[in-house]
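A short worksheet on the structure shown next.
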Amino acid sequence: MQFEAAIFHHSIPLMLMTYLGTLKAWLYAPVLALFEPSYLSVRLPVLLLGGLTVWLAVQLAASMHGRRAAWIAGLLLGTDTLFILTTCFDWGPVALQHFLLLAGLLLVLKFSASGRALALFCGFFCFGLGMWDKALFIWMLGGLTVAAVVVFHREVWTRLTWKNVGLAATGFCLGALPLLAYNASSGFATLRSNASFVLTD
């Protein structure tokens with residue numbers, strides 16, 4: 001265990017490695033408490049999560065492009081063998097990251113359409129959970145940020161107020177709190193141990 005928090009004399013596991021959190025372990029704890037560890041108890045939850053991810057993709061496409069595009073997108077994703085295999089056999093990190101990414105996107109899109117602050121907060125909370133689950137989630141967030149600024153720059157600048165930035169930052173930091181706490185106590189070990197820049201071979 002890389003990082004634990006002591007609460008009421010109990011050790012709470014938060015980080016397994018410098019870049020890998022315990023979110024999946026927390027989600028599986030009640031499942032394995034009810035059912036003995038087996039092929040079904042390990043694989044079925046992430047397959048169900050993959051099904052929810054397809055449903056989120058359909059909802060997202062319907063909000064942006066209409067029902068026909070949504071059903072086509074859902075059909076393509078739901079029959080994509082690579083998506084199915086990585087969801088089932090990658091032990092959940094990929095399944096969780098896909099789910100949290102699409103959930104966050106759908107909530108942010110709902111905020112853009114309705115202006116509801118709670119949707120913005122919850123969307124960035126999902127992004128923060130994705131970071132806690134696996135810090136490599138930052139690559140997906142980085143790509144989304146660049147795409148949003150380039151393609152939807154007017155909408156982004158219109159919504160870029162101190163209140164919205166504060167809500168988004170609070171939601172994100174709350175979701176990624178275990179990762180942030182670990183890095184604060186370890187001198188940013190996630191960055192130091194997983195990324196480096198050198199000028200020599």
Side-chain angles (χ1 to χ4, degrees), residues 21 23-24 26-28 31 40 42-161 163-165 167-172 174-176:
L23 177 60
K24 181 170 67 70
W26 280 93
L27 294 175
Y28 263 94
V31 175
L40 278 178
V42 171
R43 302 301 187 200
L44 188 57
V46 287
L47 280 177
L48 293 174
L49 196 62
L52 285 175
T53 301
V54 173
W55 180 79
L56 288 175
V58 169
Q59 298 303 310
L60 187 65
S63 299
M64 299 178 69
H65 301 293
R67 293 182 62 84
R68 178 180 294 181
W71 283 110
I72 292 172
L75 186 62
L76 288 173
L77 184 60
T79 57
D80 186 331
T81 54
L82 188 59
F83 172 77
I84 296 170
L85 287 173
T86 54
T87 296
C88 180
F89 293 109
D90 204 21
W91 276 71
V94 169
L96 282 172
Q97 299 219 332
H98 288 165
F99 174 79
L100 291 169
L101 181 71
L102 283 173
L105 278 173
L106 193 58
L107 286 163
V108 171
L109 186 64
K110 182 176 289 188
F111 160 74
S112 178
S114 66
R116 292 182 180 177
L118 183 60
L120 178 66
F121 176 86
C122 291
F124 275 82
F125 178 74
C126 288
F127 294 150
L129 285 178
M131 285 294 296
W132 174 32
D133 176 51
K134 201 170 187 180
L136 295 177
F137 190 75
I138 196 169
W139 292 109
M140 288 188 258
L141 281 185
L144 283 174
T145 302
V146 171
V149 170
V150 171
V151 179
F152 302 108
H153 55 276
R154 290 183 180 178
E155 291 84 353
V156 170
W157 289 116
T158 300
R159 298 290 186 178
L160 199 62
T161 65
K163 178 183 176 182
N164 291 339
V165 170
L167 278 169
T170 302
F172 181 84
L174 189 60

Rounded to the nearest 0.5 Å, how far apart are [atom1] of [X] and [atom2] of [Y]?
| X | Y | atom1 | atom2 | answer |
| --- | --- | --- | --- | --- |
| Phe172 | Leu167 | CZ | CG | 15.0 Å |
| Leu52 | His98 | CG | NE2 | 14.5 Å |
| Thr145 | Met140 | OG1 | CE | 12.5 Å |
| Thr87 | Leu49 | OG1 | CG | 8.0 Å |
| Thr158 | Phe152 | OG1 | CZ | 13.0 Å |

Closest heavy-atom pair and its distance - [X], [Y]:
| X | Y | result |
| --- | --- | --- |
| Ala176 | Met131 | CB-CB, 4.2 Å |
| Phe83 | Leu77 | CD2-O, 3.5 Å |
| Pro45 | Leu40 | CD-O, 3.5 Å |

Q.
Can you tell me if Ile138 has over 12 outside heavy atoms packed within less than 6.0 Å of its CD1?
A. no
Pair up each side-chain donor or acceptor in residues 99-119 with any protein partner under 3.5 Å, not counting sequence neighbours, and list the distances.
residue, atom, partner, partner atom, Å
Ser114, OG, Lys110, O, 2.7
Ser114, OG, Arg116, N, 3.3

Q: Could you list the residues that satisfy side-chain hydrogen bond (donor to acceptor under 3.5 Å, both in side chains) with Thr79, not counting sequence neighbours?
A: none
**Q.** Counterpart residues, ring-ring contact (aromatic ring centres under 6.0 Å, His included), relative to Phe125 (two or more places apart)
**A.** none
Q | For Phe127, all residues meeting ring-ring contact (aromatic ring centres under 6.0 Å, His included), sequence neighbours excluded | A | Phe124
(Q) Please list all pairs meeting ring-ring contact (aromatic ring centres under 6.0 Å, His included) that have one or both residues in residues 49-75, counting only residues at least two apart or in different chains. (A) none
Q | Check: Ile72 and Leu76 side chains under 4.5 Å, non-hydrogen atoms | A | yes
(Q) Can you confirm whether Leu96 sits close enough to Leu27 that some side-chain heavy atom of one is under 4.5 Å from a side-chain heavy atom of the other? (A) yes
Q: Examine distances only and state if a side-chain atom of Asp133 and a backbone atom of Leu23 form a donor-acceptor pair shorter than 3.5 Å.
A: no
(Q) Given 3.5 Å as the limit, does a donor-acceptor pair link the side chain of Arg43 with the main chain of Cys88, or not? (A) yes
**Q.** Test side-chain contact (heavy atoms from CB on, under 4.5 Å) applied to Leu136 - qualifying residues, sequence neighbours left out
**A.** Lys134, Trp139
Q | Counterpart residues, side-chain contact (heavy atoms from CB on, under 4.5 Å), relative to Ala61 (two or more places apart) | A | Ala70, Ala73
